[in-house]
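Keep in mind that the numbers below use all heavy atoms, side chains included, and drop hydrogens, waters and symmetry copies. The chains referred to below are lettered A, B, ... by the order of the sequence lines, with proteins before strands, and numbering in each begins at 1.
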Amino acid sequence: MAQKMRKILLIEDEEIMINLLQKKLVREGYEVSVARDGEEGLKTMEEVRPDLVLLDIIMPRLGGFEVMEEMQKNKELRKTPVIVISNSGQPVELDRAQKLGAKDWLVKTEFDPQEVIDKVKKQIG
Amino acid sequence: MVRKKITPIKEELQRTKEDLADLEMYIEDFSSFLPLAVCTLNPLEIIIDINQAFQDLTSYSLTEIIGESLERIFLEKKEAKSLLNKTREKRMVRTEELTLISKEEKKIPVRVFVSVRIDEKGNFIGYFLTLADITEVKKFQEKTEEKVKRRTKELEGSRMALMNMLEDVEESRKALTNVLEDVDEARKRAEEERDKTKAIITNFADGLVVLEKGNRISLINAEGERLLNVKTKEIENKTLSDLSNPPAIKKIAELIRKTKDEGLFRKELSFKKPAERVLEITSISLASREEAVIILHDITREKLIEKMKTEFVSLAAHQLRTPLSAIKWTLKMLLEGDLGKITDEQQDFIQKTYNSNERMISLINDLLDVTRIEEGRYLYKPALTQLENIVQFVVNSLKEEIKRKRIKFEFKKPKEKLPKVKVDVEKIRLVINNLLDNAIRYTPTGGKVTISLKHGKEKVEFSIKDTGVGVPEDQKNRVFAKFFRGANVMRMATEGTGLGLFIAKNIIEAHGGKIWFESTEEKGTTFYFTLPVKKEFAEFLKEF
């Protein structure tokens, strides 16, 4: 079973969000890695090869969009599903994220942690 | 001898007698022949003899008049008497005019000549009096007088006419003088007015360009020169379209040409040259429609401040959302027991805190919507849609709330399918959500809310009627203002940011639609909006 554990990379700079999501995801049985900015996120991605990335948009150093752009350039990483967790839900941003291959989009203020889990499950079971 | 002597004397006497008789006859003949009426008076002023002419004139016979006093035959008795007295003094008086009264009582004007009679010894023995009938003379005189009178009268008439004419002329002159004075006054006033207008124009804080016939620039004030970066000398009497330089003028000229008839009201135009600037342009056609005034109001600074404000609010709202999300998620996990078991009391408090936090989030979301509207980046993806579907979606999402307040809700759909409208679905959903949410919120439990859809001329009309508290009469004009909340609604202490209708109005207008309402306090409110079915939308979208 341990090998089958799904790996999720959480790229998020807000400490409390990390804590909350991590707790929730671990409880649901996922293996969670955390990166606190985009650069670190890309690096961890290479190392961990996650089954799914939960990605914040506004972060220090490298933002969410830039992370996705980098992922698009990489044949392997391109395949990894991304769910964007953002502070805003602007259609412009949504569109851009979709074009960059994001599978889903969550606006933090509009969703509960449980709904994040639901969306994750929908992507990778 | 004596005989001899007597005989020649006798003869002499005889001859003398004869001579005398001859003389008397002669005098008598002469007297009767004389055309002048003559009478002889004794010293007592008694008539003692008259001639034929006198008889003819007075119609008295000799016997009838002899022995009568003179006064009898004159109308003016006293004058007749005094005339004789005067004659005695002066021996002869003439050209007295008296009125003779004939036997038939006829009044005859006569001129009287009187002289005294004196015998050979110089004794006064009476008067001679002659009367000259001056009836004809009088008549002639009267005629003449009448003529003169008439002529005088005529002349007087002419004179009067002339006088009147002169008066008229004088009056006309006065009137003319008045007119001239008035004209002069008016001219002075006009000049003053012109100077005043010029002073106002020159010193006006906004830029002013006055166009005359054919869009020729007749005046531009200092501020106008500054804003457009031109000099009066260069552009005066040129038409707007003659001037392709500077680009600002070209832009304005185009705008003016396009909206010639309606005029412009506070149309914003931005320029990069000569400096980055935003002008608010208003053009007013003057009376003749051939002339116009263009007002250039520099709002560059306002725009900058507005932009900074919007950016600040936007940033602040974004920054607020992060901690609010954290709070939301934490509370939610606490409530769901993800972080350990909690007591009922804790559950209750946390739930309330969670609700407050949700309100805060919705306020922040509204604020962000407003800032986006103000930044002009709001509408996003127009799509052809059935309005009915959007309404149904919103109704479904608020079903629970409708049920909870036991509101009788009805959605009246049109019998025929409405034409599709090109809208930003998300935004229209927000509008309907705001309107339905308000209707439910401000309608007492058990009230009624009805949504209707109608097909109008080239538009679709949405209306939502409630039996709620209504909008106070004196606040009706502020309903769509930012942060407005009705006084009656504030007392109800229900939540609400006062931004919902402001957002709704902006969204509807951005779609080229209209939004309005009717309301009676305590009775209810109906909000309406229309959306155009056809093209217009495309235009609006570009501006957004």
Side-chain angles (χ1 to χ4, degrees), chain A residues 8 10-30 32 34 36-37 54-60 63-65 83-99 105-121, chain B residues 313-340 350-351 354 356-369 371-373 375-383 397 423-430 433 507 541 544:
Chain A
I8 293 174
L10 174 60
I11 310 175
E12 160 77 68
D13 63 328
E14 185 80 12
E15 199 59 39
I16 186 159
M17 294 311 259
I18 296 169
N19 293 343
L20 290 167
L21 280 171
Q22 198 173 15
K23 199 168 183 88
K24 198 85 177 161
L25 289 166
V26 167
R27 184 169 301 170
E28 289 297 326
Y30 296 105
V32 181
V34 176
R36 285 174 171 79
D37 63 60
L54 282 172
L55 181 64
D56 191 8
I57 292 294
I58 301 164
M59 286 181 298
F65 287 123
I83 294 177
V84 173
I85 315 167
S86 168
N87 245 324
S88 91
Q90 282 308 293
V92 198
E93 296 171 306
L94 241 150
D95 250 27
R96 190 173 168 198
Q98 232 162 17
K99 275 186 195 131
W105 180 281
L106 283 164
V107 178
K108 288 179 195 166
T109 51
E110 284 166 22
F111 287 90
D112 291 340
Q114 186 54 49
E115 285 170 290
V116 181
I117 302 301
D118 294 345
K119 284 197 185 287
V120 169
K121 273 187 183 159
Chain B
V313 174
S314 178
L315 191 72
H318 262 118
Q319 294 301 314
L320 278 170
R321 269 156 72 115
T322 307
L324 285 172
S325 306
I327 294 167
K328 176 185 165 93
W329 286 28
T330 310
L331 294 174
K332 197 67 184 177
M333 284 176 76
L334 276 170
L335 284 169
E336 284 172 356
D338 285 344
L339 304 172
I350 292 167
Q351 183 63 53
Y354 180 82
S356 294
N357 193 56
E358 284 292 283
R359 284 222 301 275
M360 184 93 92
I361 288 168
S362 96
L363 171 63
I364 296 294
N365 285 343
D366 280 357
L367 272 176
L368 274 172
D369 277 336
T371 59
R372 272 183 217 121
I373 284 170
E375 282 171 354
R377 49 178 186 94
Y378 196 53
L379 286 193
Y380 184 61
K381 259 189 182 168
S397 72
V423 296
D424 179 331
V425 177
E426 279 291 324
K427 297 298 182 287
I428 294 299
R429 201 179 274 169
L430 184 59
N433 185 78
I507 292 172
L541 202 68
F544 250 80

### Task
Heavy-atom pairs under 4.5 Å with chain B are the metric here; pick the option from A:Ile58, A:Asp112, A:Val116 that has the most.
A:Asp112
### Task
Sort A:Leu20 into side chain, backbone, both or neither according to what part of it lies under 4.5 angstrom from a heavy atom of chain B.
both
### Message
For the backbone of A:Lys108 and the side chain of B:Trp329, can you confirm whether one donor and one acceptor N or O come within less than 3.5 Å of each other?
### Response
yes
### Query
Roughly how far, to the nearest 0.5 Å, is the CG atom of A:Leu21 from the CE atom of B:Met333?
7.5 Å
### Query
With the threshold set at 4.0 Å, does a side-chain nitrogen-carboxylate oxygen contact exist between B:Glu336 and A:Lys24?
yes
### Message
For the CZ atom of A:Arg27 and the CG atom of B:Asp338, what is their distance to the nearest 0.5 Å?
### Response
4.5 Å
### Query
Which heavy atom in B:Ala326 sits nearest to a heavy atom in A:Met17, and how many Å separate them?
CA-SD, 3.6 Å
## Note on the structure
Taken to the nearest 0.5 Å, the spacing of A:Asn19 CG from B:Leu339 CG works out to 10.0 Å
